[in-house]
Amino acid sequence: MDTTYFGRKFGLMIFMDNTTRTVLYYAIVSHETNSAYKQGIDHLASLGVDIQSITCDGRRGLRTLFTRTPYQMCQFHQAQIVTRYLTRRPKNSASIELRRLTLEIKLLDKEAFIQRLDHWYVTHEAYLNERSTNEYTGKTWYTHKRLRSAYRSLRTNSDGLFTCQEYDHLDIPNTTNSLEGLFSELKRQLHSHHGLNERRKLRFIKEFLGLKSLK
């Protein structure tokens with residue numbers, strides 16, 4: 001499940017079955033919220049849909065809503081989060097090594113990843129904890145805030161990044177890439193109908209998703 005946006009006016013939240021690529025549920029939303037995701041899950045459950053696992057982008061607090069269902073954090077989204085903090089071409093060795101580790105998540109299991117993350121932390125702990133000081137006020141702050149945020153994201157999300165391996169028999173996807181493909185196709189088709197007002201754009205989206213739901 002994931003949400004994409006069309007400018008600043010509205011977003012489209014979609015729940016897709018990974019095996020059949022069928023759209024099970026969608027909603028037009030103004031903002032991506034955990035309550036909206038829960039509403040979608042509850043709706044599917046009320047229809048008798050057997051939800052075996054959930055793969056999503058790892059929104060804060062989302063995992064706590066689905067404690068009884070295996071939850072996979074999208075590994076591609078995790079890489080995007082780290083890249084936003086460190087850029088694609090970080091300069092210092094600590095950032096370079098942390099981004100390299102992030103890009104290798106798909107090649108690792110949980111134990112190997114945690115070991116390498118622990119080793120990275122021990123190696124770069126002093127650099128990570130460096131502080132800067134305002135010479136006039138004496139106030140201090142962490143010098144490498146973005147690096148700390150990237151590390152904290154990996155540490156916090158590590159439990160959900162390898163669920164697909166823990167429940168191998170369920171064939172859980174490790175990314176939401178199939179859904180991203182659907183979003184790309186929809187936006188490509190919408191672009192070829194450039195100039196639609198919002199009402200007609202919404203109608204086009206609903207008709208497009210109606211076809212995808214019939215697969």
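FYI, the numbering just counts along the sequence from 1.
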K.L.:
Go through the steps for Y167 and Q52 under the test side chain to side chain contact (heavy atoms under 4.5 Å, CB included), then give the verdict.
P.N.:
CA-CA 10 Å; Y167 296 86; Q52 296 186 336; over 6 Å; no
K.L.:
Name all residues meeting the ring pair (Phe, Tyr, Trp, His ring centres under 6.0 Å) criterion together with Y151; count only those two or more places apart in sequence or in a different chain, and write none if there are none.
P.N.:
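For Y151, the residues satisfying ring pair (Phe, Tyr, Trp, His ring centres under 6.0 Å) (neighbours in sequence not counted) are W120, Y121.
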K.L.:
Say whether, by atom type as modelled, one donor and one acceptor occur between the side chain of T163 and the main chain of Y71 under 3.5 angstrom.
P.N.:
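Here the side-chain-to-backbone pair exists.
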K.L.:
Rounded to the nearest 0.5 Å, what separates atom OG in S35 from atom CD in Q39?
P.N.:
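Those atoms lie 7.5 Å apart.
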K.L.:
Under the side chain to side chain contact (heavy atoms under 4.5 Å, CB included) criterion, do L12 and L186 qualify, and how do the steps go?
P.N.:
CA-CA 11 Å; L12 175 65; L186 171 57; 3.5 Å; yes
K.L.:
Just by modelled atom types, is the N174 backbone N or O under 3.5 Å from a matching donor or acceptor in the Q75 side chain?
P.N.:
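No, because the side chain of Q75 does not come within donor-acceptor range (under 3.5 Å) of the backbone of N174.
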K.L.:
Considering residues, nucleotides and ligands other than F76, do more than 12 of their heavy atoms fall under 6.0 Å from its CZ?
P.N.:
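Result for CZ/F76: open.
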K.L.:
For Q78 and S153, which I'm curious about, is there any donor-acceptor pair between the side chains at under 3.5 Å?
P.N.:
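There is such a pair between these side chains.
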K.L.:
Determine whether more than 12 heavy atoms belonging to other residues, nucleotides or ligands lie under 6.0 Å from atom CZ of R155.
P.N.:
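Yes, enclosed.
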K.L.:
Are more than 12 heavy atoms from other residues, nucleotides or ligands located less than 6.0 Å from atom CZ of R131?
P.N.:
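Buried by this count: over 12 neighbours within 6.0 Å.
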K.L.:
Does Y5 use its side chain to pair, donor to acceptor, with the backbone of E32 at less than 3.5 Å?
P.N.:
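Checking the backbone N and O of E32 against the side chain of Y5, a donor-acceptor pair under 3.5 Å is found.
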K.L.:
How would you list, by chain and number, every residue that makes a ring pair (Phe, Tyr, Trp, His ring centres under 6.0 Å) with H77, sequence neighbours excluded?
P.N.:
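In terms of ring pair (Phe, Tyr, Trp, His ring centres under 6.0 Å), with neighbours along the sequence ignored, H77 is linked to no residue.
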K.L.:
For atom NZ of K187, decide whether the heavy atoms of other residues, nucleotides or ligands shown that lie under 6.0 angstrom number more than 12.
P.N.:
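Yes, enclosed.
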K.L.:
Are I81 and L86 connected in the hydrophobic side-chain network, where two residues link if heavy atoms are under 4.5 Å apart?
P.N.:
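Result: yes, single cluster for both.
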K.L.:
Report all side-chain donor-acceptor pairs from residues 104-116 shorter than 3.5 Å, counting only partners two or more places apart or in another chain.
P.N.:
residue	atom	partner	partner atom	Å
E104	OE1	R116	NH1	2.9
E104	OE1	R116	NH2	2.7
K106	NZ	L103	O	2.9
D109	OD1	E111	N	3.3
D109	OD1	A112	N	2.8
K110	NZ	D159	OD1	3.0

K.L.:
Under 3.5 Å, is there a donor-acceptor pair between the T55 and T176 side chains?
P.N.:
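The answer is no; no qualifying pair exists.
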K.L.:
For the backbone of L128 and the side chain of R148, can you confirm whether one donor and one acceptor N or O come within less than 3.5 Å of each other?
P.N.:
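Yes; judged by distance alone, with no hydrogens or angles, the pair exists.
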K.L.:
Measuring from L161:CG to T102:OG1, what's the distance to the nearest 0.5 Å?
P.N.:
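Going from the CG atom of L161 to the OG1 atom of T102 covers 9.0 Å.
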